[in-house]
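Whatever order the structure lists them in is the order used to number ligands and atoms, beginning at 1.
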Amino acid sequence: MSEFINIALPKGRLGKEVYKAFEAAGYGCNDVLSPDTRKLIFENEENGMRYFWVKPSDVAIYVERGAADIGICGKDILLEYSPDVYELYDLGLGKCRLAVAAKKGFRDRKDYTLRVATKFPSVAMDFYSKKGRDIDIIKLNGSIELAPILNLSDVIVDIVETGTTLKENDLEAIETIVPVSARLIANKAAFTFKKEKINEVINGIKNINGK
Ligand code: PRP
């Protein structure tokens with residue numbers, strides 16, 4: 001085997017699910033899912049696959065800069081950071097949505113600057129500028145749902161999956177911005193030089209996925 005395909009997997013449930021699809025397609029590698037190791041990088045010389053676990057929000061950085069040839073990344077991250085990569089395949093996994101949410105009963109009066117707490121400032125800015133609405137972005141890194149409860153913001157722009165976090169904090173979704181799912185992305189140069197192998201791997205995954 002001359003050359004490896006380097007794959008950035010997002011740490012967590014989605015990454016494990018995606019890796020299982022790679023494995024089922026014949027592109028597995030020992031110990032990738034082993035719970036007993038803190039190792040981050042795994043390779044299989046026989047099928048030329050090299051996997052590494054990265055923070056989900058960092059996958060696109062590894063791929064854009066060519067440290068990974070391909071990676072698995074949520075559409076939310078692609079919309080927020082617009083990395084210069086090819087988006088090749090919608091895996092249909094990790095489905096959720098980016099939405100605006102607020103305290104139950106919230107009504108936007110539109111005569112003041114709306115305070116928006118979010119991990120996705122670019123998505124939020126784009127969404128409200130298309131509506132011609134002035135907003136004040138409050139960039140947070142997690143537990144976004146706290147912001148309207150503590151009157152740090154009027155609304156939030158965040159991921160909603162099951163809706164449980166909103167419900168348990170007496171918030172409600174007001175508007176969906178965009179549906180989100182996991183995408184397979186590729187480094188542009190790698191897709192030129194390793195096109196055949198990358199397409200072979202993607203087709204294997206598509207067969208497992210049934211589309
Ligand atoms: C995400 C998101 C919401 C929650 C939505 O948070 O930011 O808080 O999941 O999921 P649900 O609709 O199924 O409840 P995450 O767990 O990534 O943690 P965070 O608060 O650190 O962003």
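- Side-chain contact check for Asp154 versus Phe106: some heavy-atom pair is nearer than 4.5 Å.
- At a distance under 4.0 Å, a protein heavy atom can be found next to atom 8 (O) of ligand 1.
- Annotation for Phe193: atom CZ does not count as buried by contact number, only 12 or fewer foreign heavy atoms lying within 6.0 Å.
- For Tyr19 and Tyr51, the ring centers are positioned less than 6.0 Å apart.
- In this structure the side chain of Cys73 never reaches within 4.5 angstrom of the side chain of Val63, judged on heavy atoms.
- Looking only at protein heavy atoms, the nearest one to atom 20 (O) of ligand 1 is Ser143 N, 2.8 Å.
- Proximity of atom 11 (P) of ligand 1 to the protein is indicated by at least one non-hydrogen atom lying closer than 4.0 angstrom.
- Atom 13 (O) of ligand 1 has as its closest protein heavy atom Thr162 OG1, 2.5 Å.
- Numbered from 1 in the order shown, with element, the atoms of ligand 1 that lie under 4.0 Å from a heavy atom of Gly163 read 11 (P), 12 (O), 13 (O).
- Residue contacts with ligand 1 include Lys119, since one or more of its heavy atoms lies under 4.0 Å from the ligand.
- The two residues Thr113 and Ile135 come nearest to each other via the heavy atoms CG2-C, 3.6 Å.
- Contact check for Tyr128 versus Asp134: no side-chain heavy atoms found under the 4.5 Å cut-off.
- Residue-ligand proximity, Thr164 to ligand 1, at heavy-atom distances under 4.0 Å covers atoms 12 (O), 14 (O).
- With ligand atoms numbered from 1 in the order given, ligand 1 contributes 19 (P), 20 (O), 21 (O), 22 (O) to contacts under 4.0 Å with heavy atoms of Gly142.
- Ranking protein heavy atoms by distance to atom 3 (C) of ligand 1, first place goes to Glu145 OE2, 3.1 Å.
- Distances from atom 22 (O) of ligand 1 to the protein include at least one heavy-atom value under 4.0 Å.
- For atom 15 (P) of ligand 1, no protein non-hydrogen atom is found at a distance below 4.0 Å.
- Among protein heavy atoms, the minimum distance from atom 5 (C) of ligand 1 is reached at Ile159 O, 3.4 Å.
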Only pairs under 3.5 Å count here: list side-chain donor-acceptor contacts from residues 144-153, not counting sequence neighbours, and write none if there are none.
unit_1	atom_1	unit_2	atom_2	d
Asn151	OD1	Arg115	NH2	2.8
Ser153	OG	Val155	O	2.9

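- Looking at Thr165 against ligand 1, both its backbone and its side chain come within 4.0 Å, counting heavy atoms.
- Figure legend: Arg133 and Tyr112 shown as a cation-pi pair, the cationic atom lying under 6.0 angstrom from the six-membered ring centre and within 45 degrees of its axis.
- When distances from atom 1 (C) of ligand 1 to the protein are checked, no heavy atom turns up under 4.0 Å.
- Figure legend: cation-pi geometry between Lys39 and Phe42, with NZ or CZ positioned under 6.0 Å from the six-membered ring centre and within 45° of its axis.
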